[in-house]
Amino acid sequence: MPRFFVDNSAVSDGNITITGDDASHITRSLRMKIGEPLLVCDERQIVYTCTIAAMDKHSVSLAITGQEQGRVPPYKARLFVALAKGERMDIIMQKATEFGVSEIVPVLTMRSISRPEPGKIQGKLVRWQRIAREAAGQCGRCDVPIVGEVLSFDEALVQMQKSDIAFLCYEEEHSLHLRDFLPQQHGSIAFFTGPEGGFAPEEVMKATETGIGSVGLGERILRCESAPIYVLSALDIMYGTHKNG
């Protein structure tokens with residue numbers, strides 16, 4: 001069943017109004033008709049079962065027929081990811097969303113091949129947020145991860161220190177594996193994955209000096225788009241709701 005996301009203000013008196021691109025998607029791309037069902041999630045992670053009551057070129061009016069509180073992971077995972085070239089960032093946005101990330105923060109690192117011009121960054125952020133939103137609807141999430149502004153490496157380290165658990169994934173780290181680093185009890189989690197060429201040694205040193213652990217992800221060197229998926233999968237196995245049934 002199609003799933004859409006709205007602000008809380010769109011929900012009123014048993015009805016929901018969808019406008020903009022989502023309305024066009026319902027009427028033109030999906031070609032849905034009055035009376036057909038769909039799902040809508042608001043900012044409180046409430047999932048509404050609805051039927052289409054009315055529509056025109058600019059908006060779709062829905063009648064709420066049921067609702068339930070959506071399930072979200074019991075932990076907040078913030079991905080700080082080095083800017084990657086081409087479609088790799090698109091893949092990261094999509095797959096990280098599917099694997100339960102709460103926020104994705106692009107970071108410009110020393111070895112980042114992708115260095116977008118300042119005038120083009122905002123357009124990329126809009127694109128990445130749209131990809132995250134579409135992926136959230138496709139995979140059945142009741143929330144959409146935030147795509148943050150592009151940060152410098154130093155700015156990212158400052159932000160990461162605000163989380164209970166913070167670590168940097170480094171392919172040259174052989175003494176401490178992720179499974180041995182993660183505590184039994186989770187809190188807010190921030191992790192940093194590198195660009196195509198990996199982190200520079202001086203970046204890793206700066207991170208460890210600020211208290212951010214350096215961890216390895218196994219014997220194989222993962223692509224920059226694979227490392228976030230690996231970590232998010234481990235977090236779900238370690239802390240996910242399935243552990244409690």
Side-chain angles (χ1 to χ4, degrees), residues 1-79 87-105 122-148 225 228-229 232-233 235-237 239-245:
M1 190 182 301
R3 180 179 297 239
F4 298 88
F5 300 91
V6 297
D7 298 335
N8 291 341
S9 59
V11 183
S12 178
D13 297 327
N15 297 284
I16 297 176
T17 302
I18 294 181
T19 58
D21 291 342
D22 283 345
S24 296
H25 186 61
I26 291 170
T27 57
R28 297 180 182 179
S29 300
L30 297 179
R31 299 190 177 188
M32 298 187 73
K33 307 296 183 183
I34 290 176
E36 289 193 86
L38 49 76
L39 299 175
V40 177
C41 305
D42 66 12
E43 297 166 294
R44 297 162 294 191
Q45 288 87 53
I46 297 175
V47 182
Y48 299 93
T49 304
C50 305
T51 57
I52 298 176
M55 62 172 68
D56 57 34
K57 293 181 179 179
H58 307 291
S59 67
V60 177
S61 297
L62 308 175
I64 298 172
T65 58
Q67 68 181 66
E68 64 179 6
Q69 185 65 50
R71 298 183 67 182
V72 297
Y75 56 90
K76 295 290 185 181
R78 302 178 71 199
L79 165 61
E87 66 176 9
R88 290 182 175 180
M89 284 299 287
D90 293 355
I91 294 171
I92 290 169
M93 297 295 161
Q94 182 188 71
K95 299 307 178 184
T97 298
E98 292 178 14
F99 281 80
V101 77
S102 300
E103 182 178 359
I104 306 170
V105 183
Q122 193 57 42
K124 288 183 177 293
L125 293 174
V126 171
R127 172 183 171 79
W128 294 334
Q129 186 68 72
R130 183 175 68 250
I131 290 172
R133 187 182 184 91
E134 291 172 354
Q138 183 276 327
C139 73
R141 286 184 61 155
C142 62
D143 63 336
V144 180
I146 298 167
V147 178
E225 66 268 33
I229 299 171
L232 289 165
S233 298
L235 295 179
D236 183 58
I237 292 170
Y239 305 127
T241 53
H242 55 81
K243 289 176 66 64
N244 299 319

What pair of heavy atoms forms the shortest contact from [X] to [Y], and how long is it?
X      : Y      : answer
Phe5   : Asp143 : CE2-N, 3.8 Å
Ile229 : Glu225 : CD1-O, 3.5 Å
Asp90  : Trp128 : OD1-NE1, 3.3 Å

To the closest 0.5 Å, what do you measure between [atom1] ([X]) and [atom2] ([Y])?
X     : Y      : atom1 : atom2 : result
Ile26 : Leu62  : CD1   : CG    : 6.0 Å
Ile91 : Ile131 : CD1   : CD1   : 9.5 Å
Glu43 : Asp7   : CD    : CG    : 4.5 Å
Gln45 : Arg141 : CD    : CZ    : 9.5 Å

Under the side chain to side chain contact (heavy atoms under 4.5 Å, CB included) criterion, do Leu38 and Leu30 qualify, and how do the steps go?
CA-CA 11 Å; Leu38 49 76; Leu30 297 179; over 6 Å; no

Is there a side-chain contact between Ile64 and Val40 (heavy atoms, below 4.5 Å)?
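In short, these two side chains do not touch, never coming nearer than 4.5 Å.
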
Going by heavy atoms in the side chains, are Pro228 and Val101 under 4.5 Å from each other?
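SC-SC contact between Pro228 and Val101 ruled out.
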
For Thr49, does its backbone N or O pair with a side-chain atom of Thr65 as donor and acceptor, under 3.5 Å?
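Side chain of Thr65 to backbone of Thr49, a donor-acceptor pair under 3.5 Å: yes, one is there.
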
Please enumerate all residues that pass salt bridge (Lys or Arg N to Asp or Glu O under 4.0 Å) together with Asp21, with sequence neighbours excluded.
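Checked Asp21 against salt bridge (Lys or Arg N to Asp or Glu O under 4.0 Å); zero matches.
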
Sole candidate of Gln94, Arg133, Glu98 that passes side-chain contact (heavy atoms from CB on, under 4.5 Å) when paired with Gln138:
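Only one of Gln94, Arg133, Glu98 forms a side-chain contact (heavy atoms from CB on, under 4.5 Å) with Gln138, namely Glu98.
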
Suppose we screen for side chain to side chain contact (heavy atoms under 4.5 Å, CB included). Which residues come up paired with Ile34, at least two apart in sequence or across chains?
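Ile52.
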
